[in-house]
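Any value given below was found using the heavy atoms of this structure, including those in side chains, with hydrogens, waters and symmetry copies removed. To find a chain, count down the sequence lines: A is the first, B the second, and so on, and within it residues start at 1.
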Amino acid sequence: MIRIENVSLSHRDMPILHDITLSLEKGGITALVGPNGAGKSSLLSLIARLQPLQTGRILVDGLPVGSTPSRLLAQRLAILRQDGAVASRLTVRELIGFGRFPHHQGRAGAADIALVEAALEQFELQALAERFIDTLSGGQRQRALVAMTFCQGTDYMLLDEPLNNLDMFHARQLMRSLRSIVDERQRTAIVVLHDINQAAAHADRIVALRDGKVIADGTPNEVLTEDNLELVFGYRMQIMQIAGRPLVLQHL
Amino acid sequence: MVKLAACAAFVMLVILSIFIGAGEFSPWQAIHDPAALQLFFASRLPRTIAAALTGAALSIAGLIMQALVRNRFVEPSTAGTAQSAALGILIMTLVFPAASLAMKTLFASILALLGTSIFMMTAHRLPPAQPYLVPLFGLVYGGVIGAVVTFIGWQTELLQFIDIWTNGEFSGVVRGRYELLWGTALMAAIAWWIADRLTVLSLGRDVSIGLGLSYQRTLQLGLVIVSVISALTVVIVGIIPFVGLVVPNLVSRMLGDNLRGTIPWVGLSGATLVLGCDVLGRLLRYPYEIPVATVMGVVGAILFLRLMFTRATHA
């Protein structure tokens with residue numbers, strides 16, 4: 001479980017997160033939604049120790065972020081940033097292999113190599129395995145980065161807008177892979193999503209943020225109501241029910 | 001195939017380097033003439049080793065620096081590292097003229113570390129969306145430190161010495177004057193040992209921390225390697241431009257950036273290039289010599305231009 005207790009964050013007197021307290025249970029997909037600047041990415045980077053905590057504390061399986069050795073955390077928690085621009089000329093296989101770095105520190109064993117192959121297969125990247133990542137399209141690169149995060153083999157995966165650059169086919173594919181990884185391997189995904197309907201269709205839980213505060217928190221059906229959505233995004237939108245899940249007509 | 005050619009070129013240049021020079025020395029003499037053997041052990045062999053070590057180490061230093069700054073267009077000789085090392089040895093020469101070469105090198109390393117750290121701190125603050133700002137800043141920064149060195153040298157009438165450190169050449173390399181250069185081999189070995197960490201580092205701060213790498217420590221270790229290599233080569237050989245820039249870029253084009261795999265090839269290619277330029281410098285105005293830095297300035301610039309104009313092939 002990830003426990004976030006009274007976490008606030010400000011940057012040059014600009015408040016970004018305001019006294020957030022949140023528990024994220026193990027297992028399942030949690031979607032973070034909200035408008036630009038709501039603090040979703042900041043929250044993820046605080047959990048993943050990419051920025052120092054200012055107030056409050058965060059515990060990952062009881063380990064306090066900030067005082068736990070970074071390598072130990074890297075074996076429990078992986079993060080994919082949205083601006084994961086990788087300029088290095090690594091092949092897709094090499095890049096995914098570096099996901100195993102927290103476990104082997106550069107000396108990959110047979111188990112690591114097998115996991116890399118599994119990740120290549122899971123994300124259908126075998127055909128691209130020997131290509132340098134700077135020769136890939138944006139969407140292919142994004143899939144390689146997600147595969148690398150997956151390959152880190154951590155209980156928790158924090159993904160900041162993983163659907164960036166992906167076309168409809170691959171966006172759907174990725175959410176389905178995520179679903180099956182979470183279900184079959186008892187892993188936990190915390191995903192920042194911009195497409196509210198991806199969250200509605202695939203998440204077990206949705207946390208809606210605005211101006212650094214949690215506005216709504218619960219199952220898709222609980223969170224995605226007309227009132228909540230207006231509160232979070234600032235306009236009213238129609239909601240339909242399809243196969244027991246909400247469908248937000250956010251574009252109308 | 002390319003790898004085999006690189007190995008063959010290196011071996012050929014080693015042989016050429018041993019048998020080319022103002023003093024006469026042929027394979028036949030090597031067996032029969034003790035005086036020729038003396039020339040071999042006192043001058044030709046040290047010079048060949050020094051050129052190979054310098055080329056390999058400078059290329060690897062360039063490679064590491066590019067990984068640390070995450071910019072392909074920086075290298076120690078254009079970003080203030082070599083100039084800071086020259087400043088260090090100049091200060092030592094002025095203040096403690098009796099200090100040993102090792103002490104001078106140590107102080108030069110410290111100043112190189114300081115100068116490079118300042119460059120790095122500034123480079124990390126520059127907007128990442130404009131990759132050309134970093135090398136430009138490096139050029140200006142290195143130029144300013146170089147100017148300080150020249151100014152002090154001018155005031156203290158040490159300009160001739162400064163020329164020795166800033167214009168690299170191997171003609172002064174003889175037995176007893178180059179052995180410290182083996183330190184660069186040690187640094188290169190350390191770099192190879194931590195190659196995976198350096199590759200992770202080149203993926204950026206966030207990815208590094210996400211993978212549990214001690215980011216700051218690895219950065220510092222990389223800086224030390226770059227600084228010591230620069231200081232050693234400046235003190236013993238002098239500044240040689242372009243090697244650290246073109247060699248890593250050429251190798252990256254062909255083999256990528258997984259440093260564990262590429263460091264040996266970067267080293268070998270760098271050794272071949274510098275050795276080749278040194279041999280060329282000895283031949284062009286035989287029996288006189290052109291300093292290797294001058295030859296490299298021309299050869300390196302041509303290679304660099306080629307790199308720039310063949311960019312499209314890997315996009």
Ranking B/Thr262, B/Asp257, B/Leu255 by heavy-atom pairs under 4.5 Å to chain A gives rank one to B/Asp257
Bottom line for A/Phe132: the part with an atom under 4.5 Å from chain B's heavy atoms is side chain
Minimal heavy-atom distance between B/Leu211 and A/Pro102, with the atoms involved, is O-CG, 3.4 Å
field: B/Met12 atom CE, neighbour heavy-atom count above 12 within 6.0 Å
entry: no
So, the part of A/Leu77 with a heavy atom under 4.5 Å from chain B: the answer is backbone
Exercise. Flag yes if more than 12 heavy atoms outside A/Gln51 fall under 6.0 Å of its CD atom; otherwise flag no.
Key: yes
Smallest heavy-atom separation, A/Phe101 atom then B/Asp196 atom, equals CE1-CB, 4.2 Å
Rounding to 0.5 Å, atoms CD1 (B/Ile209) and OG (A/Ser70) come to a distance of 6.5 Å
Run the side chain to side chain contact (heavy atoms under 4.5 Å, CB included) test on B/Thr199 and A/Glu94 for me, step by step, so that the C-alpha distance in whole Å, both residues' side-chain angles and the decisive distance to 0.1 Å come before the verdict. CA-CA 10 Å; B/Thr199 309; A/Glu94 284 169 345; over 6 Å; no
Give a yes or no on this: more than 12 heavy atoms of other residues, nucleotides or ligands lie within 6.0 Å of atom CZ of A/Arg131.
yes
Rounded to the nearest 0.5 angstrom, the CG-CG distance for B/Asn258 and A/Leu95 is 10.0 Å
Cut-off 4.5 Å, heavy atoms of chain B, and the answer for A/Leu73 is neither
### Any A/Arg89 side-chain heavy atom under 4.5 Å of B/Arg72 side chain
yes
Can you tell me if B/Arg125 has over 12 outside heavy atoms packed within less than 6.0 Å of its CZ?
no
Query - A/Arg71 side chain to B/Ser214 backbone, donor-acceptor under 3.5 Å - result: no
One should read off an interatomic distance between B/Ile194 CD1 and A/Gln105 CD, to the nearest 0.5 angstrom, of 12.5 Å
Heavy-atom nearest pair, A/Leu90 first then B/Leu203, reads CD1-CD2, 3.9 Å
Among B/Gly204, B/Pro131, B/Ala195, B/Gly210, the residue with the most heavy-atom pairs under 4.5 Å to chain A is B/Gly210
